[in-house]
**Q** 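Take a look at the following structure, please.
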There are 2 protein chains.
Amino acid sequence: MQKENYHHGTLKEEMIQKGLILINNEGIKGFSLRKVAAMCGVSHTAPYKHFKNKEELMEAISNRVLKSFSECLMKAVETAKNEQTGMADVGKAYVKFMLDNKEYFRFIFFSECKVNVKLKANDFIYKPGNPFEVFCSGATAYLEHFIKDKTEINCIILSMWSIVHGISTLVIHETFEYEGDYEELVERMLRVQPR
Amino acid sequence: MQKENYHHGTLKEEMIQKGLILINNEGIKGFSLRKVAAMCGVSHTAPYKHFKNKEELMEAISNRVLKSFSECLMKAVETAKNEQTGMADVGKAYVKFMLDNKEYFRFIFFSECKVNVKLKANDFIYKPGNPFEVFCSGATAYLEHFIKDKTEINCIILSMWSIVHGISTLVIHETFEYEGDYEELVERMLRVQPR
DNA sequence: CAACTATGTTGACATTGTAAACATTAGCAG
DNA sequence: CTGCTAATGTTTACAATGTCAACATAGTTG
């Protein structure tokens, strides 16, 4: 009986799963490698066979969330493309996803969690597949129909990205609160833009 | 000789001072209550006579930074008022201050540090003296010259705030990078707005 | 089957936050 | 000045945590 338990089999994956649960239940400050290991029914050093250190576990968890985020945004971009609703709906999806997953994004953005993503303006280079890339490239494709100047497009995109990211961040950090429908608010905030 | 040292005298203030230094030198993950106490030449539990716990120390440090931030923005608002340059300069000051103090804002926004500030939209209630209040009320005063509708003003302000806060946050978190002058970029980002 | 590698466990250690019990000093009442 | 009391520090102790080293077990492969 013990023989079957000695080797867990899918510990790496379960660490990520249980890590997500722990974050949801106890927030950032309740998160610890040892707790997650215990949730997997494994000794507190077993995870080190799969993750170099705590930070690498956090990064894996973060990537899992960002992957869902990407998929969510991709769907929104597709819908917007088909139904000609413009980028506002994608922006709304961006904010909604972050606010629906506050605890996860506190973890990703408000902790020492490394996010393996970096966008550069100017040439707008990004690692494909991450949510920010999805948002920005979706917006680029949309704006190209209306605007020629590449620099202006980038500027507008950056503006939109900052708006949706900024408002989400402020709300999640509890620096700002709106007593009403955030989607409607975002809609209006983005509409203030020329496009 | 020991008699002079037993009572520190201004420990509370020095904890804040040395805390700021430690954050600058070692970042969030290098920050600990015990280290700050050591820097003050005091036992590791002495701070508990002045702060309920670590979080309260962090809050005090955060408030110190936010006070400087407020003062900086107040100056910018004053200048904008006198020289009729509009809110773009205040926005640039906002971003510049955050990027000039990356380590502090990582501490404030990307750690378990409680920021004792909460703005509410709708009625736009804020605790006076905090930087966000300075920015928003400065913007309100400015916009009232051009726009009547209170709701629209609030929407534009929130947009501007999100833009400057969002871009700063993204850069500090190293999710986004711009190889050029951020002030010029912010100028353009805000100018995309109707006003 | 034997040896190797991947995966877990035990035990140890340093760092940290925090609480309790005790020490020193400052300030004030008499 | 004396002595009490509150404010401020220190020592000691403990639990939680990340991490390392040494060892154990189990698949895998020649």
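Naming: A, B, ... by sequence-line order, numbering from 1 per chain.
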**Q** Indicate, with yes or no, if the rings of B/F105 and B/F69 have centres closer together than 6.0 Å.
**A**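 When the ring centroids of B/F105 and B/F69 are compared, they turn out to be within the sub-6.0 Å range.
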**Q** Would you say that A/R188 contacts A/L185 through its side chain, given a criterion of any heavy-atom pair below 4.5 Å between the two side chains?
**A**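 Contact flag for A/R188/A/L185 side chains = yes.
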**Q** Could you say whether A/G30 or A/K52 is positioned toward the 5' end of DNA chain D, judged by the nucleotide with the nearest heavy atom to each?
**A**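 Nearest-nucleotide comparison on DNA chain D picks A/G30.
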**Q** Using whole Å, what does the distance between atom P of nucleotide C/dG17 and atom CG of B/L57 come to?
**A**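 Distance check: B/L57 CG to C/dG17 P gives 9 Å.
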**Q** Measure from the ring center of A/H165 to the ring center of B/F176 and say whether it is less than 6.0 Å.
**A**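 No: the rings miss the under 6.0 Å criterion.
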**Q** Check the distance between C/dT18's C1' and B/M58's CE and give it to me in whole angstrom.
**A**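 After rounding, the reported distance stands at 16 Å.
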**Q** When you check every protein heavy atom under 4.0 Å of nucleotides 5-13 of chain C, what one-letter string (B, S, -) results, 5' to 3'?
**A** -BBBBBBB-
**Q** Quick check: does any side chain N or O of A/N53 sit under 3.5 Å from a backbone N or O of A/E56, one acting as donor and the other as acceptor?
**A**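 Yes; judged by distance alone, with no hydrogens or angles, the pair exists.
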**Q** Could you tell me how far apart A/K29 (NZ) and C/dT18 (P) are, to the nearest whole angstrom?
**A**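 So the NZ-P distance, A/K29 to C/dT18, works out to 10 Å.
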**Q** Look at A/E78 together with A/K75 and state whether they make a salt bridge at an N to O cut-off of under 4.0 Å.
**A**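 Looking at A/K75 together with A/E78, the answer is no, because their closest N to O distance does not fall below 4.0 Å.
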**Q** When you compare the side chain of B/Y178 with that of B/E184, does any pair of heavy atoms fall below 4.5 Å?
**A**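 B/E184 reaches B/Y178 side chain to side chain.
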**Q** Round to a whole Å and report the spacing from OH of B/Y48 to P of D/dC14.
**A**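 After rounding, the reported distance stands at 17 Å.
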**Q** Nearest whole Å is fine: how far is D/dA7 P from B/K12 NZ?
**A**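 Taking atom P of D/dA7 as the reference, NZ of B/K12 is at 14 Å.
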**Q** Starting at atom CG of A/N53, determine the distance to atom C1' of C/dA14, rounded to an integer number of angstrom.
**A**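 These atoms are roughly 17 Å apart.
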**Q** For B/K54 and C/dT16, is the shortest distance between a side-chain N/O and OP1 or OP2 below 4.0 Å?
**A**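 Answer is no, no contact under 4.0 Å.
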**Q** In whole Å, what is the span from the CE atom of A/M15 to the C1' atom of D/dG18?
**A**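 My rounded result for the distance is 12 Å.
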**Q** Nearest whole Å is fine: how far is C/dT16 P from B/I28 CD1?
**A**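 After rounding, the reported distance stands at 15 Å.
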